Amino acid sequence: GLAHRGEVELSETALQRSLRIFQKKFAEQAEGVVHAFLAQRGLWLGLYDEALNSANKAIEIGEKLKSDENHADLHGAVKILTAGLRMKGEALILQDKEGEEFLQMALTYAREIEFVEEELPALRALALKALKQNELDEARNYLKQTWHLAERGQFLLYNADSYNILARVEMADGNREKAVEAATKAFELSICDGVPFAYQRGLEDARG
């Protein structure tokens with residue numbers, strides 16, 4: 001919640017405290033979840049190296065637990081692995097590096113276990129990659145797959161990110177009016193209950 005609002009120091013303090021508690025309790029799955037949250041925090045705040053480091057730790061834990069036949073919650077282990085793979089792929093793409101392989105793996109896992117919370121951002125990150133390569137129709141196609149899923153599940157902040165990417169796609173295609181319309185929609189979704197309870201990255205991207 002703090003990271004959503006752009007609270008840099010407080011969000012790190014909260015997550016690092018959680019991490020220390022779970023490590024002391026040898027709660028490895030919970031530790032993996034926190035690493036995934038740290039990775040997402042890094043992506044929201046533009047701390048891509050930190051995001052990549054945390055994503056790799058989440059992947060390591062997820063893979064370990066997934067391969068353990070005696071682990072009680074294999075579904076949870078796959079969720080951690082899926083999140084880590086998606087965030088690793090997104091962190092790489094945001095740094096103009098190759099990350100599509102990790103995003104496709106995340107998308108496959110997410111669809112297998114119906115993990116919409118990671119299917120949506122994986123599609124969005126693939127759309128961003130297509131945009132960076134000026135493959136605008138492909139970017140629109142990835143975004144098109146997100147609308148119904150997001151609206152059905154009321155994942156409003158996910159939709160805010162998707163509309164912000166759509167705005168960039170339309171600007172790249174010379175459709176300024178459509179770009180403004182998409183950015184306005186993203187702003188409306190990001191405002192949530194108003195300041196300070198607003199989605200900081202969504203607002204900043206929409207203003208851009």
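In this text, all values refer to a predicted model and were calculated from it rather than measured experimentally.
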Colleague: Roughly how far, to the nearest 0.5 Å, is NZ of Lys57 from CD1 of Ile80?
Modeller: 15.0 Å
Colleague: Do Glu177 and Glu181 come close enough that some side-chain heavy atom pair is under 4.5 Å?
Modeller: no
Colleague: Can you find a heavy atom in the side chain of Arg17 that is under 4.5 Å from one in the side chain of Leu19?
Modeller: no
Colleague: Salt bridge (Lys or Arg N to Asp or Glu O under 4.0 Å): which pairs involve residues 35-45, sequence neighbours left out?
Modeller: Glu12-Arg41, Arg41-Glu50
Colleague: Below 4.0 angstrom, N of the basic side chain to O of the carboxylate: do Glu31 and Lys25 qualify?
Modeller: no
Colleague: Could you check whether Glu28 pairs with Lys64 (Lys NZ or Arg NE/NH1/NH2 to Asp/Glu carboxylate O, under 4.0 Å)?
Modeller: yes
Colleague: Is there a path of hydrophobic side-chain contacts, each under 4.5 Å between heavy atoms of I, L, V, M, F, W or Y residues, that connects Leu128 with Leu45?
Modeller: no
Colleague: When you check the side-chain N and O atoms of His71 and Gln29, is any donor under 3.5 Å from an acceptor?
Modeller: yes
Colleague: Say you draw a straight line from CG of Asn175 to CE of Met171; how long is it, rounded to the nearest 0.5 Å?
Modeller: 9.5 Å
Colleague: Determine, using the 4.5 Å side-chain heavy-atom cutoff (strictly less than), whether Leu103 and Ile165 are members of one ILVMFWY cluster.
Modeller: yes
Colleague: Check Thr82 against Ala106 and note the closest heavy-atom contact, atom names and distance.
Modeller: CG2-O, 3.4 Å
Colleague: I need the Ser11 OG to Phe37 CZ distance, nearest 0.5 Å.
Modeller: 12.5 Å
Colleague: Indicate, with yes or no, if Leu43 and Tyr163 share a hydrophobic cluster defined by side-chain heavy-atom contacts under 4.5 Å among Ile, Leu, Val, Met, Phe, Trp and Tyr.
Modeller: yes
Colleague: For the atom pair CG (Leu52) and CG (Leu47), what is the distance rounded to the nearest 0.5 Å?
Modeller: 12.5 Å
Colleague: Under 4.5 Å between side-chain heavy atoms, hopping through other hydrophobics if needed: is there a path connecting Val78 to Ile59?
Modeller: yes
Colleague: To the nearest 0.5 Å, how far apart are OG in Ser162 and CD in Gln145?
Modeller: 11.0 Å
Colleague: Closer than 4.0 angstrom, basic N to acidic O: yes or no for Lys144 and Asp137?
Modeller: no
Colleague: For residues 87-97, run the donor-acceptor check on the side chains, cut-off 3.5 Å, and write out each pair with its distance to 0.1 Å, sequence neighbours left out.
Modeller:
from  : atom 1 : to     : atom 2 : distance (Å)
Lys88 : NZ     : Asn56  : OD1    : 3.1
Glu90 : OE1    : Arg86  : NH1    : 2.7
Glu90 : OE1    : Arg124 : NH2    : 3.1
Glu90 : OE2    : Arg124 : NH2    : 3.0
Gln95 : NE2    : Ala91  : O      : 3.1
Asp96 : OD1    : Lys132 : NZ     : 3.1

Colleague: Between Leu38 and Ile61, is there shared hydrophobic-cluster membership here, with clusters defined by ILVMFWY side-chain heavy atoms closer than 4.5 Å?
Modeller: no
